[in-house]
Structure formats: C-alpha cells, structure tokens
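Here the structure is laid out as structure tokens; the discussion comes afterwards.
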Amino acid sequence: MRSGSNLEKVLEDGRFAVTAEIGPPRSADPEPIRKHARDMKGSADAFNLTDNQTAIVRLSSIASGVVCLQEGIEPVIQMTCRDRNRIAMQSDVLGASALGIRNVLCISGDHQVFGNQKEAKNVYDVDPVQQLMMFRKMRDEAQVWGGDKLEEAPKLFLGAAANPFADPFEYRVRRLSKKINAGADFVQTQAIYDMDRFERWMAQARELGLHEKAHIIAGVMPLRSHKAAMYMKNKVSGMIVPDAVVDRLRTAADPKAEGVKLCVEQIEHLMSIEGVHGVHIMAVAWEEIVPRIVRDAGLLPRPSVREAIVHPYHS
Amino acid sequence: MIIAEQKGIEELIGILEGHKDILVVGCRSCVAICLAGGEKEVGVLSEALRLHSDMRSKGWNISEVTLERACEKEWAYELDQLVEGKDCVISLACGVGAQVIQELFPDVRVVPGLNTSNMGAPEEQGVYNEKCGGCGDCVLHLTGGICPIARCAKSLLNGPCGGSQEGKCEIDPEVPCAWDQIYHSLEKLGRLELMDVPIPPKDWGPSRSGGPRKMVRSEAILTDEQNRMKGGKR
Amino acid sequence: MRIIALVCSFCGYASADMAGVTGQSYPASVVPVRMPCTGRLDVSHILSAFRNGADAVMVVGCLEGNCNYQYGNIEARKRVEQARGILAQLGIDGERVEMFNIASNQGWRFAEAVKEMEGRVLRLGPGPVRR
C-alpha cells in the first residue's frame, strides 16, 4: 500500500471504484461541504475536492478535504499547477498528508481567464507530469525535489487527469502514458458523453498496457436539462457532447429523471469496458443526485474498507 | 524583436502633468518595425500632444527625435544636446531604451510612451506574435522549433493540456494551441518520439526567476588602454 | 469657418477644379491643399490642420480601385480612421474628419462633400483650436 487510502484499497482489491466530486463553496462556511458529505456518505469510496475550479476563488481543497475527514468520508484533493510553485506544492502535500489526506489529483488547472481573478499571474512552475514526478519522489524516496531528505515521507495515492476528448486525439493516450510513467497511480477522465471516442481511446490505452499500470476511472457528469448539455457542449473547453444527448434531454418529459437514466446507462456501459476500474461522478451543483445514481447503477453498497482510513480526527 | 504598443494618449497626458519642455524620443529598431515608436509614430504623438497643449493652453514645448538604437549608449548619447533644458523625455523606445536614456541623463525625467510587451515577430504587417519567453534555457530542439514557454498559455513542457481542441487553446478560440503545433511540427520532422520524452521540472534559474540577468563576455570587453585609444569610455 | 481639404493631385484636385468649371456652388470656407496622392497622408497632417485652426478636415482621393498609385487612397482611409482614434482621445469628435473618394469628373460630388463637412461644423461648433 502506497498510501493506505480507501480508494487505493478498493482499486487494489480489484473492485469497481466510485468517486464523486464536491465543489467547495465560494465562502468561508464549511457547512455546504458537511452537508454534501452527509448526503453522499456511503455512496462513493472517495470524494474529489476541486481546487478553485474554473479559476474561481473557493474554499481551499485541502481545508475542504479536512472537513470531509471530520465527516468520515475520504477526500481526493485536487491540486492545480496554476496557483502554486514547487515550494508551495511540496509543502502543501506534506501538510495534506499530515492532516490525514491521502489522495492527490495532479492537474494543470483551468486558465485564470475563465475565473473571477482574470488579472492574476499564473504560476506553472511545474506541469502535471512534473508534479507527479515530484510527489512520487517525495513518497517513494522520502526526498523533496532536488534530493533533500524528508524525515517522514508523505503517504500519497497519486492521481492524474486525462481528457480523451481533447486534441490531438492520437496523442492523448501517449500523454497519459507520460503521466503514468511519472507516477500516476490512478487516472480520472473528463466527463464522457461520446462513448465511441472513449472506447477508441481505451483501446489505445490497453494497447500500451496502461490499464494495468494505473487504475483508469471514467468520468461521468449527470445533466439536468438540455440547456446544461448545451452549456457543456459550447462553453466548457475540452468537452464533446453529441447532439443525440442534447436531443434526448430536450424531448424528455422529465429531463432530470432522463438525465439520471442517461448517466446510469453510461456507467453500465463504462463498467463493461475492459480496463475501466471505476467511475467518477461529477454532479456539478447537483451533488444530491449522486446517491441515487450510484444506487440505480447497482453499485451499492460500497465495499467496506473503512478501517483503511487513517486520519487524526476519527482514530 | 521587441514588440510594443503605444500607451493611450489620455494616460500619457496624465503622466505629463506638471511638465513643460518635453522631448519625444523614438527608436528606429524593433519598435519602428512594429509601428509603435519609430520616426513616424514620434511625429504623430508629438503633433497630438501639441494639439492637446493648444486646446488646453498648456504651453507645452514639444520637440522630437528618433534614435538609431535607443538601447545602446553609443546611440543614446546623441540626445546629449537635445535633452538640454528639457524637463521630460517621453520614450517611444522599448522599456530597455527608456531605462538606458534615464541612466545616461539622470537629471531629466524619462516617462514611458510605450507598453513593452514581448519578444516576437511580425506575422504580417500589423500583426505580431509572441515567440520567445527568454527563459535562458532553450528547448526548441525538443519541441519542433515552437516555444512552449512563450506560446502555451500554461507554459507546459510535457504536452497539451485537456483544453486543447481542434488545434486551439482553451483560453481563446483565436489562439493556436502551441502543443498542437509542436505535435504537428515534430510529425513533419519525423521526430514524434520526442513527444514521449518526459521533461523534468525546469530550472528557472536562468530565467527572470533567478533575478535580473547579467551576461559577461570577457573576450569582448575593451581594456582601459583600448578605451583610451578609442577616444574614451563615457 | 475653415475646412481643410487634403486633395490628391489626380481626382481630388481635378474634382475640385471641375466643381468650379461646371459652376457648382460650394462653401468658400474650404481650403484645398494639394498632395501628390492621398497615400502620402500622415495622421500628423490631420492633427496639424486642427492645431492650426481647422474646424474640419476632408481627405479627397480617387475612387477605390482608381488610385494612380494603386492603393494610396486605401491607405488614406486607414489613416483617417487612425486619426479619429487619436482625436477621440483628445476629446475631438471624429466626425470632423472624413475620407471621400471622388472621380475627377464628379465636380458636383466635391461640392456636396464640402457642404456635408460644413453641415457637420455647423452642428458640432467651431474646431478645437481657435486661431
């Protein structure tokens, strides 16, 4: 066990993992996170806390992760390369580990032009591949980047993001391979709507044996309406939403129910693809729907590996 | 070359508050090529400021000159007589030229007439693209001759982020994705395998992060004797 | 009132001449200034005209496609736009400057153009600098 995290245990046990996303509030009040945690507890093996997603200032992912620990659910903290240099990254990962956080997702982060701090200076001292190299060295060699010894190595289960819907398509899997070679233990993908393209991407990943080197967790995002689908299609970079998906929601009598149904079908489809080891549910601003989706997909109860969680608040 | 553009005249008028004898200084190098601070632009700005002065009875006395290359002391010294009696120099040279002029003439206030932007090249007349980030440790041999430091919005070194779609960057559909360009350049060069080489965290020491950079070419430095023979170092 | 007409040596000047030859009446406030081609126009010429007391400036070149130097009049149109941007920053209405493309035999159009500019000055008031 690299980290002893619940997520690591589920995946290493060969069980189909479920992760879900929690968007921290634009507020100093942790209550929304606690509420999501209570609502979703037992529905997923670990919960991603986004790191100022779309470059909008929010409660920090590490602090949100600690709130999750207090509520007895396991966090995956996301960490962008946008806001921290290598000093801050390594320091924060030590801090996160010290607080009982075990899963870290390494990402480049949405560019600040999307957010509410457009005038910010971005950092990008390291990119996500280099971030993984650095964190792996910290964990496996108990050294910070550059070689100085750490008295205590952080316990980390390292994640990378992959977007099968970005371009150049023929390079995407090789980019993932770079991330896995750099240290990614698990991979969470962008939300999948275009199943054909995802299947082609997975086939390439299997060809390189990536599904055996890291745990690929496929992303899904339930949609509440055809407007939400149009928004994803037109406004969110790196997304492909086929017209069939938009039309299905537009013509549905009850779009919300149809959105849930669609998401459950997607999960069932993804479970049938060789090399997909889990599903990551990103119910942005619709977190309360997650338990129902997980239930309808037949993924309950979640494996009981609670003893694996190591954190200072509930030990 | 250095790419720059003129500051708005309103901003410049604000900066000039309290001055009277003003010298507008241009440069015939980079900023003339990007049509920001050459002789022509010096003429137009000077005339606009004169018009403003006449409209508001400011009594500004505005003269103009364009140097061959403002960033070199030898050329910038040509201002020697011209700055006499002036209380302000508006530099239409890049930020480098402006500083050299200020250094040479510490008694007169040098104000920037340009916003200096980047190291780039004209794509066509009137269109200038940033090309080089001046990081001090070139990787163009690994990246198909396209700089990811300057041309990728996130300065990524290991391939395109998830926001690259149809060759465009996530920040703006008008901006090409540098890594998409790198991929296709390496493809044409038959060197796609370079896309798989992991590049470790970069040493930013040679970049601006390491503090202001100074380069010394000892073999080029003139001896005291040479300086005497050449008529003296000023 | 003073309207400066920066006219090219070809159609611009000839149309002003033709206006006279054909007995068109137009305001006496216009002062034609002949230049080889409107392609020689510089933004500073327009600014100078205003600084020297002009109430409006009109630039008159050949019809587009008919420039004796191929595209001098197209350059001139861009210079006029550029000048408007600068005038706006100085608080001067961009309508005080206009580009006209008039053929040498269109004296009546030259007269109309001057009337148009006179109308604008009457509407906008005197120019930015009184001399």
Would you say that more than 12 heavy atoms from the other residues, nucleotides or ligands in this model lie under 6.0 Å from the [atom1] of [X], or not?
X: C/Q70; atom1: CD; value: no
X: B/E5; atom1: CD; value: no
X: B/R28; atom1: CZ; value: yes
X: B/E84; atom1: CD; value: no
X: C/R123; atom1: CZ; value: yes
X: C/F10; atom1: CZ; value: yes
X: B/W75; atom1: CH2; value: no

- Item | chain B neighbours within residues 73-93 of chain C, where any heavy atom lies under 4.5 Å away |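 The list, in residue order, reads C/I86, C/L87, C/Q89, C/L90, C/I92.
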- Message: Using a 4.5 Å heavy-atom cutoff, which residues in residues 35-59 of chain B come close to chain C?
- Response: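 Residues B/K40, B/G43, B/V44, B/E47, B/A48, B/R50, B/L51, B/H52, B/D54, B/M55, B/R56 are the ones that qualify, each having a heavy atom under 4.5 Å from chain C.
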